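Labels below follow one simple rule: chain letters A, B, ... track the order of the sequence lines, proteins then strands, and each chain is numbered from 1. Just so it is clear, the model here is predicted, and its values are computed rather than measured.
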Amino acid sequence: MRRSHHCNELSIADEGAEVVLMGWAQRRRDHGGVIFIDLRDRQGITQVVFNPERDARVHEKAHAIRNEYVLAVRGVVEKRPGGMENPALVTGAIEVMVSELKILNRAETPPFMIEDDIEVNENTRLQHRHIDLRRSSLQRNIMMRSRAAAAARRYLDEQGFLDIETPCLTRSTPEGARDFLVPSRLAPGSFYALPQSPQLFKQLLMISGFEKYYQIVRCFRDEDLRADRQPEFTQIDMEMSFVGEQDVMAVSEGLIVEIFKAVLDLEVKAPFDRMTYQEAMDRYGLDRPDTRFGLELCDISDIVADSGFKVFSDAVGKGGIVKALNAKGCAERFTRKEIDDFTDFVAVYRAKGLAWIRVKEDEWQSPITKFFSEEEKKKMAERLDMQPGDLVFFGADKSSIVNEALGHLRIELAKKLGLIDDSIYRFVWITDFPMLEYDETEKRYQALHHPFTSPAEEDMDKLEKDPLSVRSRAYDLVLNGIEIGGGSIRIHQKELQIKVLEALGMSREEYEEKFGFLISALESGAPPHGGIAFGFDRLMAILCGSSSIREVIAFPKTQKGACLMTAAPGPAYRAQLEELGLKAGPVK
RNA sequence: GGGGGCGUAGCUCAGUUUGGUUAGAGCGCCGGCCUGUCACGCCGGAGGUCGCGAGUUCGAGUCUCGUCGCUCCCGCCA
């Protein structure tokens, strides 16, 4: 038998045709006489019928069918009897009256039902991922991912980008994330590293003159996992020569538009909004603002700098800030207990407390009101637009803590208040990032993006005197509060690259050893260049409406980095270790 | 490294607060009946290392300690 149709294709127009379908037995309904099987393939479901009056032998054979048996059936498409149509099924108007059945394979009863609405522990699902992947929501996600990748390749190819592969076995660059190491057999005691991204290779390709590069590429980072972080993940990686920020952003917008069209049949409007890092931090507290709703933060440091409320005045005195968040009309929306819960919520971000004021008709109900002068109250009320019925939260601390705590509180409040419309996609470019940040534990400057990002032209002279004020030519693309991509215009001149590496506290020996090959490449005629990389898994999670990227990855790892199907990672054989010159336990 | 949640039948969960007879339910599975179902229906049945280990106790699914796994978050990570 040879398959003639998929299980979503047949309709009333095919009535009378003899067809062959192949797929899995989704469900069996045996009425003693007639037997119905919902036959499932990757496209859909068709009801096939075994009727003893039509064919006693094939009906008898159908008794053996159980869930997930693999079947081939030949039969005639028939219009279902009046009133028996199933409108929930695309093929619900017809059924296939089977004349020939071949059981291609039997199957053990699956550990869980192949249905979407059933809730199964994730570890059971991951142990039997091949079965889990049969569920239609995962089939849909994986198919959408394939369509997105195809759209990206088509678009980038049309734009003149070359798909060039870069090595997976490469050199460790102990900057940024922890590397996965791969021991070398031919050079015992030496190690390759798996790439955290093809960053340096794509820059080298620009220096080689390829001008436009892209790759849908696996990247590896040996850090702790999250719902949106796996140890291996996929980027849509791009790099272009002779471009500035605007060029990279424009190509990126075109790419995103194409992907949304291909996957969701949705017209996304470009160009996207732009916002500086500073504005994002001021208004939203985070460098990846969710701009689908308001509830913005407001700085009141100047008003309370000399306040009688020590928590506020001390914070400002020590160089910190005081910011507020006005939850309009929420004075009665939350109980005292719930407000206390918000204090616990922000404590996670190291906020020591969360002050609040309920604005009543004639007074402010709050433990802190009594500390403020009339003047301070008046200014606060004005700046925060405090109206009766409002509930205002305050954070006071170092700016990083206040912003992070209130930034997350803002999102939490929006969720609780139903302010988020998850049918819309709000994109925003974040620009003008600071070039460096100070690492308290290591007592040195670190690149916020990476050390190959170019400083902004006009800040160049501040690199030595006031490094923290230098802005970079980096840009992130944020969608609904999630960072989906980031990139920069790179440094293409040796002198500047060295200056930046030195600003990061590297000695000449150190940068020569780690990045000597890049520096010498920059001397060989490097064109100005820049690029971007999109987190493909995160993008797909948003497109699929999933809260975890594990739902858009065929074979994801658990939070401990294990693959429950293959039991990776596992011990090595002693002989393998010996060949590699390694001593490590446990061994087999 | 730290904090929270979960772990009882193949799956989802109740039972744990207050220790006490033979650990229950729904779905699934197996058998029987049933010719128009689509979550088919009816009858019957099988199925348990209560994650694992120690402790307290006359007695532990239940209390204590340890440990393992899954998950969310902080740190870490761009």
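When heavy atoms are screened at a 4.0 angstrom cut-off, A/Asn51 is found touching base atoms of the nucleic acid. As judged by a 4.0 angstrom heavy-atom cut-off over every strand, A/Leu448 is placed among the base-contacting residues. Using a 4.0 Å heavy-atom criterion, one finds that A/Arg550 contacts the sugar-phosphate atoms exclusively. Residue-level contact check: A/Arg229 touches the bases, meaning some heavy atom is under 4.0 Å from a base atom. A/Glu483 comes within contact range of no nucleotide atom at all, as no heavy-atom separation falls under 4.0 Å. Across all strands shown, A/Arg350 has heavy atoms under 4.0 Å from sugar-phosphate atoms exclusively, and none from any base. Counting any heavy atom pair closer than 4.0 Å across all strands shown, A/Asp30 reaches a base atom. Within the nucleic acid shown, A/Glu85 comes within 4.0 Å of at least one base atom, counting heavy atoms only.
Rounded to a whole angstrom, the distance from the C1' atom of B/U62 to that of B/C50 is 10 Å. B/C58 and B/C63: their C1' atoms are spaced 16 Å apart (whole Å). For B/G20 and B/G59, the P atoms lie 15 Å apart once the distance is rounded to whole Å. Rounded to whole Å, the P atom of B/G66 lies 13 Å from the corresponding atom of B/G4. Comparing B/U16 with B/G24, their P atoms are spaced 15 Å from each other, to the whole Å. Distance check on atom P: B/G19 versus B/G2 gives 32 Å, rounded to whole Å. Distance check on atom P: B/A39 versus B/C29 gives 15 Å, rounded to whole Å. Across B/G53 and B/G61, the matching C1' atoms stand 16 Å from one another, rounded to whole Å.
Taking only distance into account, the side chain of A/Arg226 meets the base of B/G75 through a donor-acceptor pair shorter than 3.5 Å.
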Problem set entry | Protein proximity profile, nucleotides 9-15 of chain B - base contact B, sugar-phosphate-only contact S, no contact -, cut-off 4.0 Å on heavy atoms | -SSS---
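Rounding to whole angstrom units, CZ of residue A/Arg29 and C1' of B/G28 are separated by 16 Å. Rounded to whole Å, atom C1' of B/C38 lies 12 Å from atom CD of A/Glu115. Atom CD1 of A/Ile482 and atom P of B/A78 are 19 Å apart (whole Å). To the nearest angstrom, P of B/G69 lies 11 Å from CG of A/Asn123. What separates CZ of A/Phe36 from P of B/C38 is a distance of 9 Å, to the nearest Å. For the pair A/Met435 CE and B/A78 C1', the computed distance is 15 Å after rounding to whole Å. Here B/A78 presents its C1' atom at 15 Å from CG of A/Asp439, a figure rounded to the nearest Å. The CD atom of A/Gln559 sits 14 Å away from the P atom of B/G2 (whole-angstrom rounding).
Under the 4.5 Å side-chain criterion, counting only non-hydrogen atoms from C-beta, A/Pro111 is in contact with A/His128. In this structure the side chain of A/Tyr511 never reaches within 4.5 angstrom of the side chain of A/Leu504, judged on heavy atoms. No side-chain heavy atom of A/Phe201 sits under 4.5 Å from any side-chain heavy atom of A/Pro195.
A donor-acceptor contact closer than 3.5 angstrom is absent between the side chains of A/Tyr284 and A/Asn403. Neither side chain, A/Ser197 nor A/Gln235, offers a donor N or O lying under 3.5 Å from an acceptor on the other.
Residue pairs that meet the side chain to side chain donor-acceptor pair (under 3.5 Å) test with at least one member in residues 50-64 of chain A, sequence neighbours left out, are A/Arg54-A/Glu78.
In this structure, of B/C72, B/A78, B/C38, it is B/C38 that holds the atom nearest to the side chain of A/Gln47. In the set B/A78, B/G36, B/G28, the nucleotide with an atom closest to the side chain of A/Gln196 is B/A78. Comparing B/A78, B/C77, B/G31 against the side chain of A/Arg66 picks out B/G31 as the nearest. The A/Arg80 side chain lies nearest to B/G36 when the options are B/G36, B/U71, B/C74. Taking only side-chain atoms of A/Glu404, from C-beta outward, the nucleotide of B/U37, B/G69, B/G75 with the closest atom is B/G75. If you check B/A78, B/U37, B/C70 against the side chain of A/Ala177, the one that comes closest is B/A78.
Ion pair A/Arg125/A/Glu551 flagged as a salt bridge, since at least one NZ, NE, NH1 or NH2 atom sits closer than 4.0 Å to an Asp/Glu carboxylate oxygen. For the pair A/Glu338 and A/Lys416, the salt-bridge criterion is not met [side-chain N within less than 4.0 Å of a carboxylate O].
Summarising the base pairing, B/G69 is matched to B/C6 through a Watson-Crick or G-U wobble pair whose two defining distances lie under 3.5 Å. For B/C63, the paired base is B/G55 (Watson-Crick or G-U wobble, both distances below 3.5 Å). Across the strands present, B/G47 finds no partner; the criterion is a Watson-Crick or G-U wobble pair with both atom distances under 3.5 angstrom. Partner assigned to B/U22 is none, using Watson-Crick or G-U wobble distances below 3.5 angstrom.
Closest-nucleotide positions on RNA chain B for A/Leu564 and A/Asp224 were compared, and the one nearer the 5' end corresponds to A/Leu564.
For A/Arg42, the CZ atom sits in a loose shell: 12 or fewer heavy atoms of surrounding residues, nucleotides or ligands are nearer than 6.0 Å. In the displayed structure, A/Phe180 atom CZ is contacted under 6.0 Å by more than 12 heavy atoms of other residues, nucleotides or ligands.
The side chain of A/Thr109 contributes no N or O atom lying less than 4.0 Å from OP1 or OP2 of B/G28. For A/Arg27, a side-chain nitrogen or oxygen approaches OP1 or OP2 of B/C40 to under 4.0 Å. In this structure, A/Asn86 does not reach the B/U37 phosphate: none of its side-chain N or O atoms is under 4.0 Å from OP1 or OP2.
Once rounded to the nearest 0.5 Å, the distance linking CG of A/Leu39 with CD of A/Gln26 reads 9.5 Å.
Of the residues in residues 70-78 of chain A, none has a non-hydrogen atom less than 4.0 angstrom from any atom of RNA chain B.
Of the candidates A/Glu115, A/Glu68, A/Gln139, A/Arg134 forms a side chain to side chain donor-acceptor pair (under 3.5 Å) with just one, namely A/Glu68.
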Problem set entry | Full working for ring-ring contact (aromatic ring centres under 6.0 Å, His included) between A/Phe334 and A/Phe342 | CA-CA 10 Å; A/Phe334 298 109; A/Phe342 288 130; 5.1 Å; yes
